[in-house]
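Here's the structure, in structure tokens; my notes come after.
Computed from a prediction, not measured in an experiment: that's the story for all the values here. So that the names make sense, note that chain A is the first sequence line, chain B the second, and so on, each numbered from 1.
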Amino acid sequence: SGGGPAPSDSGGEVGEPQRGGEITVLLDAGYSGGWATGLDPATSNGTGANLPQNAAIFGGLFTLEADDDGSNARIEPNQAESYEWQDDGLKLVVTLREGIEFSDGTPFNAEAVLWNWIRELSSGSTGAPVLDLNTSLEPPELSQEFMDSLWAALPADVDRDAVMGRLGAIRVVDDLTIEMNFNSVNGAFVNGLPTANLNLIASPTAYAELGADQFKVTPIGAGPFVVELNRQSERLELVRNENYFKDGRPYLDALNFQSVAGDQVMYQTLLSGQGDVVEGLSAVTLINEARNNPQVEVHPGAPTSPYVVQLYTRKEPFDDIRARQAIYHATDFAAIQEGLFGGEGDLSQSFTASGGLFYTPEIEGYPEYDLDKAKALVEELGGLEVELGTTDIVTARSVTTALQTQWEKAGIDVTIDSKPLGDVITKFTSGDWESMLQTAGAWDPAAGIGVQVRFGSTSPFSGTPLPEGATSTADAIAKGLRSPLDELLVQAVATVDEAERKAAYTEVAEVIAKEAYGPFGVAFSPAQVVRKGVHGPGLTTPIPALAVNTGVLYDRVWVEQ
Amino acid sequence: MAVADTTTRALLSPAVGIDRSIRWARIRKRLVIGVPAAIVVLLFAACFLGPYVLPLPSPTGGDVLNSSRPPGTPGHPLGTDVNGNDVLSRLLHGGQASLIVAIAVNAVGLFIGGVIGALSAYLGGKADTIIMRGLDVLIAFPSLVLTIAIAQVLGPSLPNTILALSAFSIPGVARVARSSTLRVTSMPFVQAAALGGSPWWRTLLFHIAPNVLPQLLNFAMLGMGIVIVTEGALSFLGLGIPAPAPSWGNMIYEGQQSLSATPLLVLWPSLALLLAVLSFNLLGENVRDEMSGR
Amino acid sequence: MTDSGTPLLKVSGLVQEYVTRGAGGQKAGVVHAVSDVSFELREGETLGIVGETGSGKSTLARAIIQVERAKAGSVQFQGRELTTMSPRELVSVHRDMQMVYQDPFGSLNPRWRIEDVVAEPLRGHTDMTKAERVARVAELLDLVGLDAARYRDRRPMELSGGQAQRVAIARAIALNPKLIICDEAISSLDVLIQAQVLNLFEKLRDELGVAYLFIAHDLATVKQVSDRVAVMHLGQLAEFSPADALYAHPRHPYTRALLDSVPVLDVVTGAVRRPRPLQGEPPSPLHPPSGCRFRTRCPIAQDVCASVEPALRDTGDGQLASCHFPLGVEAPRPAAVGAAA
Amino acid sequence: MTGVGEEPPVVLRVDDLRVTFTRGGREIHAVNGLSYTVRRGRMLAIIGESGSGKSVSVRALMGLLPPSAVVEGSAVLGEEQLVGRTDKAMRAIRGRDVSMVFQDPARSLNPTMSVGAQIVEAVRAHRPLPKREAAARAVELLKLVRLSAPERRFHEYPHQLSGGMRQRVMIAIALAADPKVLIADEATTALDVTTQAQIMELLVDLQERLGTAIIMISHDLGLAASYADEVLVMYAGRAVEHAPTSTLFGNVRMPYTAALLGAIPQLTTPSHSQLTVIGGHPPDLGALPEGCAFRERCPRATEKCIERPPLEEHEPQHAYACWHPVDQRAGDVLSPLSTGDEAVKEEVR
Amino acid sequence: MLRLIARRVLVAIPLLLAISVLVFVLLEAMPGDPARNQAGMDATEEEVEAVRRSMGLDRPAYERYFSWLFGALTGDLGRSSVSGLPVAQLLAERSPVTFELVFLAFVISLGIALPVAMLAARKPGGVFDRIVMVGAMTLLAVPNYVLALLLVIVFAVTLRMLPSIGFTPIEMGLWLNLQSVILPTLAMAIPLGCFYARFLRGDLVEQMNSADYVDTARAKGLGPWRILWQHAFRNSSFGLLTIVGLNVGALVGGTVIIEQIFAMPGLGQLMLQGVGARDTAVVQICVFIFAAVAVFANLFVDVMYAVLDPRIRYGGR
Ligand SMILES: Nc1ncnc2c1ncn2[C@@H]1O[C@H](COP(=O)(O)OP(=O)(O)OP(=O)(O)O)[C@@H](O)[C@H]1O
Ligand SMILES: Nc1ncnc2c1ncn2[C@@H]1O[C@H](COP(=O)(O)OP(=O)(O)OP(=O)(O)O)[C@@H](O)[C@H]1O
Ligand SMILES: [Mg+2]
Ligand SMILES: [Mg+2]
């Protein structure tokens, strides 16, 4: 990948990892610090956000790792030993590591994975990936015991035929091998796994013992830590899993997660000694402040998701490409990067950044900042009035304010509408918006709230034009219609070949630029701020954010004693 | 036989000043109202005239390349904020918003609450009971929640903020209005007015209102500070006057999100707020004391 | 009682009760503030009303002028029944019936100028022009002994108590009323001022022929202005007599007790008569004694007083008293006479 | 009433008492050199118009004036000088040597404390009695003031008592520590005539039984005449006439006193008789005129009155401050200003 | 006394019902679709419809209100649409935190107000009085969220004496529990205490200057403190009580912000999250509890009047 992230400020020699100790990690209550729907991967709606908790409790079949400078990020098998695509990318075969046990001592085997995957796909969690599974296969004979346990773990009103279909597509090959059969190639599937609930495998025995409600609170996995206390969305206290499959790990005796409201309080709490790590501090002023504080270290993340100003092309004013181009020409993200982010982060003309896959900093035909052109276009349009929405987060608010200023210089009249996430979602789904500042992409652009969600014509969070002949999103889905951009997006995942995918994504970026669907800007990743003496991959060495936040590898986090 | 004087005075004077010696008293008397009044006038002048008289940049649309400048930067006496906006300019414009909100909310509260309370007391009987029960509901209802709800339903904007905040200033005013109307209506001069053939509206307008209003005004003065502070609390919950338009409340809110890095951004609006609240309170109390001293 | 034509004011069977409420608003009892009071008042006559505190004097006044509607009974003024009148009709009645209150400052709106205060009834009841009103106000202020030029622009707080009370009187007489009700109108004034105001009342009576209902605690004051006097006790009329007769030979033991309680100083000789206090506590208006309400404190009470409520009746010389054993009257039972003598 | 046999000893000697308030930078001379003595078991009545300084003069003895008051002169009670004491030193005297009953019994009692507790408090303020004994003493006091069912009343609250009963409780409180002097500041003004007579009767009785000296303040000349041994008439902060009761009312010399008498309606005069009226206001205590303070309202005033007449015993035991005294015995009345109408117009200068 | 309480409770019932209707209406009026929120960002229309049905949102509003009311009355508060947990369980977890905060805030604010007001009223216009009253007015003007952060900076960050966030339940030790609530409590109690102190001081001074029974007490020879406490304060306490009663609503509502700053797992946080997610069952009951606390606080105040004021206790004559 491209240019590495800014070097960390840590300085000094990092010694050998030491065993023992305990840390408290502070999480933003508005995002990763909220786990109101619980930690059962099958029913949690927050799998994407609750990466830290899940990494600690479940570990995961696969993890995203990177070199110490954050480059060369790659998917590595963790509880899995390996994976292999077969049948031209239509069948994925995953082999598990031998000898892993859940923290309750029960075996972690292919059947357990099957049980989890079926639940995770069938329990109605909003975190469940939409997969094009080959459900036409006849399900194999499964033991009555297994089936009973599965049905007991599924919602009463589950669509039993669908479950049987999934049981046909996902099969246990042997005790350590499981396969998944697809109808179409999904080149992003494995890359997306670390943020998906399918990555998290919980103990079926424990589920049966604890019952659904309790399992949400104290789930049993095979990760490095075990839940000791869980106050939903407030505090999670974990202790070392003595049964952990990696020798000598985890280093820490105990790990706590504390949910805190807002950057200032998180930072303050860190300084007061009540926390050791702030996972993801995004207020630039505070990051700068922290840099000057000798008690703490600041480690910028490897940026993957640039800001994007999404434009709603299906109604005025952005149904006119000139209006969209005017926005492009009026937007000077370089100045914003300089002014708001102190020159940190990447400037990107597409939906990924230096830490992510398929990063292309410059896109052909991208309408660059050019105030005169913008003015001319606005004049041609006879003026332009725009509402610019944003999620109510400090940094995002600053960016919109800066954008407003820039756009107004071009004669565009801007009102800002900053709302909490829930309300932003409502605005999107009701189509009641004109332009929206969001972040696009992820480490793999297809993963998480990636390019498909922002630009696919049938996504409720996209403002790109509907496919020809479709009257609404639902209509398009029903008729199976696709816009040219949709086709490209499909292509980009319909192969497991990286080069092919990169080519397709470059084309996607070019189409977006040409059609002026939305200017991209700074990719800035929140920084990890840690107390001196805390080390670990994802904390003191950067790992690109898979979707929004970094997947810290908590089994390798250690503190100097 | 000073019986008469005491009853009348009691109506007009909720508090009795303390005797203070020395001839400071007279000077003090003037200062005690003059100083806060002067500060209030100055505040208004600074906020409503300042921006047009002083060579200040716009409070919004600052240059991001010129952000987070320290106080004393040429052209920016108080520096700039993260977005590169001039802090002094924001402070003065923010004052406009805050003062407008405070005055408007109190005006609305005073008018609606006053009318409700006065009518309730004046009508008495069933109407009074029904109105008072309704107010009980509003008073028991956590005001912040009500405000959040209204602000959510209507969306953040200056007029909606005023509306939402009024919702919880009304019941308080209504209560005060009711009790002092009750007191005034029980005064013989109101009865005398009826005997003098004054129609009810004349009585309400020319006898009751002028005697109830001072009390309400004093109450409103004390309410000014509360409104300004609460407007800030609304920002805290993502409501209130929408950014980038400044108000003292949302400046404090935005500043506190990086308080330890940029404490000055909180300090300036807080000081302005403090000054305003202090002088409004002092003015309200001293004017009341003065009126009672007559 | 009277032999002339229609009386100015005729009150009959007037009853007023208040429900008192205790903690939490539950009913604690009924105060019988005025119980079955009847009397008449002729034009230009002054009726004084005396009685202990809580005996219902003010309540009676309020019920007559209709600021509070009575529970039962009738009030006829100039032959018109007031208790059934609508508030609108009452407006016209108030032209001829005005009131002066105890607290001179309380009865003047502190924010109004004297001129406006006095002009208020003129504005409310007449359609005088502004100039006419100004002239009339000057006339009225002059009549009550205030220099119009000096006082018209002042506010009540800038007056002394006596001056303020005169303003209130000027307002009351603005429409040349037939009846003025004075509820303790001079009690809050200083001795010397009291005299001035009393003289003013007398003067107005002479010049304008006003009738008064003059309520006061002080028996001497009442005597000073009254033609007839009503003595109230616990909501009832104890005695109703021509003033001089009542003071010379009270019929009701209660009247006697009141008179005995007042120290008498002969201004000329300096001789004094010490009060002879009545024994016992006044009964609670919530639970008035059965029969005669005075019997618990009455020195001449008999058994019959506890069972039979005495009616107000003529005891000779036009003196009405509600007592089974009126004083100074040849009574059927010698025991009673002996006790009173 | 007086002068029979040995005069009882003097308990309180007030000499040239002066009280000055400072308000808004102006000095208000509320009391301007007041002197009198009170003897054991005797009653002194102080009468005068509103604002003549009656209350201020007695409150000065108790140290109950606000801090803005400056008290000068001397007031010796027994052996103790009352003027110039600190508040703390005054505390030991209040209630024990001199105590006070106020005008409005409804407001002078703490509505939140039982009657008994308020008396016990007064008892224990000066004698460290155990609670039980203090309570017994309180009941005794209630009996002393002839309150019915004292044991029950002990536990009742002021609002449960009638006005007269409340004033009896006030008197009980005032007597709690056996004071030498009891000050009754218009103690009966707020009461009914019937109750007033009862309370006065009680005071006289206590005075005789306990030997307490009483200073009684009143507007009511008749009341003063009926009960007091001596009467002192105040005007504008000064005593203008002072004599034993019968002497004074037997022949009023001071025109001001005569004016007061003439203005009061009498039970003995017929209805609709004219009252004698004088106009004008008491002088502004912030700017007292030279000479006789009553001069400007006095129908008998002459040039001479610009010089202030001293209060002197012009006749045996009859002191007054006037150059042109009236002689009631000689039939002097306060003409020519009998109707007061003209006077009314003179009112404001 | 029992009758008084019973009466007041009876009056409170329609009041609470009216409040519950008001909450319901407000929640209905808020923009946003709970079903959509629940279904997530990439759910299809059909999925949303299904969620809507499963949440019962397809029924008319009044029907939902009555079924909620019926449920609440029979002890079934429903489940949070966000976490799927029973609301009753959430309440059981959350209410102790909020109640502890509110209770302590009251105790501390009164604990500040009483002595300060007494000392100030002892010598009105004196040095202490002036300093304290200006100080009180100043603190009153500082928003509680700023005060909270300042407290944290001083006591948690700089002095490291107290935790800056979080709540330690009382089961883990009283001291730890108190440590965790002291800063949030102070942030609420200081402005409130200043308010009470100002009010009480004014009332006390007025009593001391103009109440006749204070004169009586002085005439008895009582010392200034005893007069202040036994006479002036007793009578001032009614006014204070009224103010306290009126304030409860505001105070309880104020926990919304304080809990957020201090990461306290209380009702305020729960409600705020609920509002964001249109979690009707949760918001409904939270607001209801807040209102009920205010209503019952006023009921308590009324009863206290009766306890403290013999005029009410023993009725009139
Ligand atoms: N509005 C009211 N509600 C309840 N009771 C009342 C009301 N007004 C008067 N009373 C009661 O009615 C009785 C008569 O009261 P009223 O005021 O008429 O007496 P009064 O003779 O005027 O006494 P005072 O001489 O004290 O003025 C009293 O016991 C009083 O407590
Ligand atoms: N605290 C004070 N400050 C200033 N002046 C005062 C104060 N108290 C009393 N005075 C003045 O002192 C004068 C005498 O008042 P005082 O109360 O002694 O009169 P009084 O004779 O008792 O009258 P009343 O009959 O009305 O009780 C009055 O003019 C009054 O205004
Ligand atoms: Mg009355
Ligand atoms: Mg006095």
Side-chain angles (χ1 to χ4, degrees), chain B residues 1-14 122-126 128-129 132-133 136 180-218 287-288 290-294, chain C residues 61-62 65-68 87-88 90-112 116-126 155-158 160-162 164-165 168 171-172 174-175 177 180-181 183-191 193-194:
Chain B
M1 295 195 198
V3 191
D5 308 41
T6 32
T7 44
T8 314
R9 296 253 156 79
L11 168 83
L12 300 168
S13 52
Y122 193 73
L123 296 175
K126 282 234 169 61
D128 185 30
T129 317
M132 286 327 283
R133 286 294 92 77
D136 277 353
S180 53
T181 307
L182 272 184
R183 246 184 320 163
V184 174
T185 31
S186 73
M187 295 293 291
F189 69 77
V190 175
Q191 241 182 57
L195 298 187
S198 288
W200 68 271
W201 56 267
R202 242 191 100 79
T203 308
L204 204 56
L205 222 59
F206 293 103
H207 284 288
I208 298 178
N211 287 291
V212 169
L213 262 179
Q215 201 127 20
L216 288 186
L217 275 177
N218 168 53
V287 165
R288 181 194 60 195
E290 263 321 288
M291 284 189 330
S292 69
R294 286 282 300 125
Chain C
R62 286 200 300 270
I65 207 160
Q66 305 295 318
V67 293
E68 246 171 44
R88 190 159 305 184
L90 276 176
V91 171
S92 67
V93 170
H94 289 150
R95 283 191 67 128
D96 289 327
M97 190 197 276
Q98 283 288 323
M99 188 144 176
V100 179
Y101 302 84
Q102 168 169 12
D103 174 2
F105 294 103
S107 64
L108 306 180
N109 187 335
R111 290 174 204 284
W112 279 29
D116 299 328
V117 170
V118 178
E120 186 174 31
L122 300 176
R123 186 197 280 273
H125 289 288
T126 68
R155 305 209 183 238
M157 284 310 199
E158 293 160 343
S160 71
Q165 194 63 303
R171 176 178 60 190
L175 299 164
I180 297 180
I181 300 181
D183 189 356
E184 313 264 9
I186 57 160
S187 321
S188 63
L189 303 177
D190 218 354
V191 234
I193 317 284
Q194 273 188 7

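If you measure heavy-atom distances from C:Arg88 to chain B, you find no contacts under 4.5 Å at all. Contacts of B:Ala192 with chain C are made by both backbone and side-chain atoms, with heavy-atom separations under 4.5 Å. For C:Arg95, no part lies near chain B; criterion is any non-hydrogen pair under 4.5 Å.
In plain terms, the two heavy atoms of B:Phe206 and C:Trp112 that are nearest each other are O-NE1, 2.9 Å. Between C:Gly106 and B:Pro188 the shortest heavy-atom distance is O-CD, 3.5 Å.
Chosen from B:Gly196, B:Gly197, B:Ala194, the residue pairing most often with chain C at heavy-atom distances under 4.5 Å is B:Gly196. With chain B as the partner, the residue from C:Asn109, C:Val117, C:Ile65, C:Val91 showing the most heavy-atom pairs under 4.5 Å is C:Asn109.
Rounded to the nearest 0.5 angstrom, B:Leu195 CG and C:Glu120 CD are separated by 9.5 Å.
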